[in-house]
Amino acid sequence: MTDTHQTHAPNEVRARSAELRDLLEYHGRLYHVLDDPVIADAEYDGLFRELLALEEAYPELKDPASPTMRVGGAVLDSLSTRAHSQPMYSLDNVFSMAEGREFVRKMLRLLPGADERDMAFWMEPKLDGLAMELIYENGFLVCALTRGDGQTGEEVTENMRTVRSVPLRLASCPPRLSLLEVRGEVLMNKKDFAALNLRQQEAGGRTFANPRNAAAGSVRQLDSAEAARRPLRFIAYGIGKTEWTEGPPWTTQQEIMLGLRDFGFAAAPGAALCPSLEAVEHWYDALVRERDSFPFELDGAVAKVNSLALQEKLGFTARAPRFAVAFKFEAAQARTKLEDILIQVGRTGVLTPVAQLAPVNVGGVVVRRATLHNEDEIRAGDLRIGDTVLVRRAGDVIPEIVAALPELRTGEEQAFVFPDRCPSCGGQVVREAGEAARRCVNRACPAVRREAVRHFVSKAGLDVQGLGDKLVERLLDAGLVNNPAALFRLEEKDLIGLERMGKKAAARVLKALDEARKKTTLPRLLAALGIRHIGEQTAKALAREFSSLEALETAEADDLRRVRDVGPEAAASIRDFFASPGNRELLRALKEAGLCPAEATPPSVAVHSPASPDGTLPDGTQPDVDARNTDAQPAGSSPLAGKTLLFTGTLSSLGRREASRLAEEAGATLVGSVSGRLDYLVAGDNPGSKLAKAEAAGVTILAEADFLRMTGHSENNQGNS
Ligand code: IVH
């Protein structure tokens with residue numbers, strides 16, 4: 001021992017070491033729990049070395065809760081066991097939504113008087129690791145126990161101390177909390193697992209079959225220094241026994257999870273409160289789609305009744321809680337051959353590649369086609385015609401190609417060359433700067449015309465009953481129709497000449513067209529025209545400001561820009577549309593056919609008021625019905641209407657601007673930052689710190705697919721199965 005070892009640490013040294021611990025804990029949490037570091041690794045290392053030096057010089061400062069203690073060291077002969085103060089249960093599984101609903105019905109039978117509509121569920125991804133209990137006394141980690149047989153676990157405290165996302169001391173411990181048992185899953189990120197296996201292989205050590213086995217093997221290491229080298233993570237999902245001198249303060253599962261976050265624990269990303277079974281279903285569908293983008297492996301979802309009072313009423317069976325259930329993923333993936341890639345031309349001329357697959361059963365549905373979105377995607381995935389590909393289908397979602405399997409190539413496969421001519425009309429194809437899509441610019445292109453007619457009569461347009469895609473196709477093929485106006489000139493004799501069309505059916509179609517003509521409103525007609533960037537909501541806003549097509553036709557770009565929802569792109573697109581002689585001719589023909597609706601009233605007061613996305617007047621009252629747009633679908637009918645919304649991360653199927661436009665068209669107000677007042681955060685890939693903040697604030701998180709569905713755009717990029 002040197003002199004310094006006997007010296008009492010001066011006050012300023014004590015203060016500095018305490019400060020360093022706080023700093024290191026804080027930055028460690030930002031890095032390992034929130035994935036959002038704010039200082040460089042080198043800076044962290046500097047602080048760490050400074051603390052190490054102080055603890056060396058003054059051993060009395062050493063503390064088991066110090067961040068310097070995470071390196072391990074203790075080597076055990078065997079793991080000792082200890083009883084859990086409350087059993088660690090398993091979960092019942094369901095394998096479909098139907099089974100899930102049945103589980104809920106069973107719950108309700110046990111809760112006389114309860115109504116399904118009052119049941120909220122806390123939804124979390126089911127993490128594929130191993131269960132762990134961490135015991136904190138007066139805020140300090142004193143024990144870590146594996147689940148074992150549920151009654152008794154193995155003590156792995158020294159190993160769990162080395163796990164950076166395990167708080168050695170709670171970040172904020174209220175003095176009235178003397179005991180806290182935190183339960184969660186220990187796991188390894190897929191990337192870390194791959195790196196560990198590589199390292200093990202190079203060192204001649206054992207490799208693991210999957211991240212779960214790697215995590216389990218590492219947790220049960222006898223040498224804690226070795227455990228410290230394993231990239232383990234701990235993610236909390238609940239609590240065991242707690243002792244509060246006053247309290248406990250939590251009444252819902254959500255509150256528990258928010259509390260655990262405050263204590264410094266990581267929680268599963270994507271968790272959400274679902275107020276209904278329908279919401280549970282949406283959330284689950286989204287999870288199934290997003291599953292692969294999680295950094296770790298999931299094997300399903302867990303639904304827990306949110307109310308702790310109801311949890312208590314429901315209780316446990318011998319094996320599992322009655323208030324929670326695991327929705328296990330179905331394996332809806334299959335291999336098949338990519339036989340060809342065809343190009344579909346959409347109504348705006350966009351060329352979409354569609355994979356033609358050898359028919360394959362994926363999760364009970366025969367899949368023949370899958371959308372490939374655009375040429376960049378084909379290139380990025382190095383997809384070649386003739387490749388064996390992995391096809392995935394999640395629930396009711398469109399099938400997609402997960403990846404090609406290059407190891408199965410025979411050498412016969414052919415690279416796909418994206419056409420530089422439109423496959424329908426042979427016309428020129430352009431790819432505008434900043435766009436992933438190539439577009440046929442020939443306004444007379446038959447494919448563009450066909451899609452334009454289809455769109456005109458579709459739900460998004462005039463919603464003509466009984467005039468489906470097939471009939472439109474037959475009308476075009478027969479040369480009876482080549483633009484939407486021609487539909488209204490059809491006569492009985494034209495129709496009954498068509499395949500499978502008798503007098504009765506023909507009369508029905510003509511009646512439907514006549515009804516559509518009579519009930520058409522200006523916003524509906526505007527949306528039906530399929531002007532780029534003008535969806536339903538923008539059409540409504542335009543119709544409120546410009547009460548007729550003529551008024552819109554003569555509007556200057558500046559006038560257009562004054563309308564809420566109309567940005568420079570939309571304004572330019574409107575100008576372009578009306579400048580085209582072909583379109584002017586179409587409008588003239590539509591008018592001649594009796595389609596010239598006008599808004600009954602002058603511009604509505606609500607147009608410029610951002611505080612009234614649902615048409616509410618500034619004084620909070622509703623305008624009388626005539627003063628609002630007379631469209632059959634009220635603006636407030638979108639689930640996003642009147643909500644605040646924020647995007648984070650990269651969206652895969654559309655750009656930010658496009659997404660913002662969709663959101664605004666749906667009546668949402670975009671905001672700049674996360675706060676408790678935010679209704680929805682739409683999280684794309686690599687969402688960053690906004691996601692954690694939003695989750696902590698209890699904001700509902702939407703996956704991209706949810707958002708598309710809620711804006712009614714989920715079928716836009718749909719291939720066919
Ligand atoms: S809650 C009372 N939530 O799944 C039981 N468990 O199959 C409460 N698991 O032993 C469990 N992710 O280890 C819950 N988000 C999650 C989970 C989860 C993984 C594990 C857990 C449990 C096993 C049952």
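As a basis for the values below, the full set of heavy atoms in this structure was taken, side chains included, without hydrogen atoms, waters or symmetry mates. The first residue of the sequence shown is numbered 1, and numbering continues consecutively from there. Order of listing sets the numbers, starting from 1, for every ligand and every atom in it.
The protein atom (non-hydrogen) at minimum distance from atom 12 (N) of ligand 1 is Leu127 N, 3.0 Å. Among all protein heavy atoms, the one lying closest to atom 10 (O) of ligand 1 is Tyr89 O, 3.8 Å. Among protein heavy atoms, atom 20 (C) of ligand 1 sits closest to Glu185 OE1, 3.5 Å.
The option with the heavy atom closest to atom 3 (N) of ligand 1, from among Gln253, Lys304, Gln86, Met132, is Lys304. The option from Phe323, Tyr237, Phe316 that lies nearest to atom 6 (N) of ligand 1, judged by heavy atoms, is Tyr237.
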May I have the step-by-step check of side-chain hydrogen bond (donor to acceptor under 3.5 Å, both in side chains) for Gln311 and Gln253, ending in yes or no? CA-CA 9 Å; Gln311 284 192 6; Gln253 190 70 32; 2.9 Å; yes
Verify side chain to side chain contact (heavy atoms under 4.5 Å, CB included) between Phe234 and Val182, making sure each step is shown before the conclusion.
CA-CA 10 Å; Phe234 177 79; Val182 179; 4.1 Å; yes
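Residues Phe95 and Phe327 keep their aromatic ring centres 6.0 Å or farther apart. The aromatic ring centroids of Trp283 and Trp122 lie 6.0 Å or more from each other.
Shown in contact with Glu124 at under 4.0 Å from a heavy atom are these atoms of ligand 1, numbered in order with element: 3 (N), 15 (N), 16 (C). Every atom of ligand 1 with a heavy atom of Pro321 under 4.0 Å away is listed here by number and element: 2 (C). Heavy-atom contacts of Ala131 reach the following atoms of ligand 1: 13 (O) (cutoff under 4.0 Å).
Contact annotation: Ala268 has no heavy atom less than 4.0 Å from any atom of ligand 1. Note on ligand 1: Pro125 sits in its first shell, one or more heavy atoms being nearer than 4.0 Å.
The distance from atom CZ of Arg117 to atom CD of Glu278, rounded to the nearest 0.5 Å, is 13.0 Å. In this structure, the separation between CD on Glu133 and SG on Cys143 is 8.0 Å, given to the nearest 0.5 Å.
Considering both main-chain and side-chain atoms, Arg147 never comes within under 3.5 Å of ligand 1 through any nitrogen or oxygen pair.
The number of heavy atoms from other shown groups lying within 6.0 Å of OH (Tyr26) does not exceed 12.
Contact annotation for Lys126 and ligand 1: heavy atoms of both the backbone and the side chain come within less than 4.0 Å of the ligand.
A 4.5 Å side-chain heavy-atom check between Ser653 and Leu708 finds at least one atom pair inside the cut-off.
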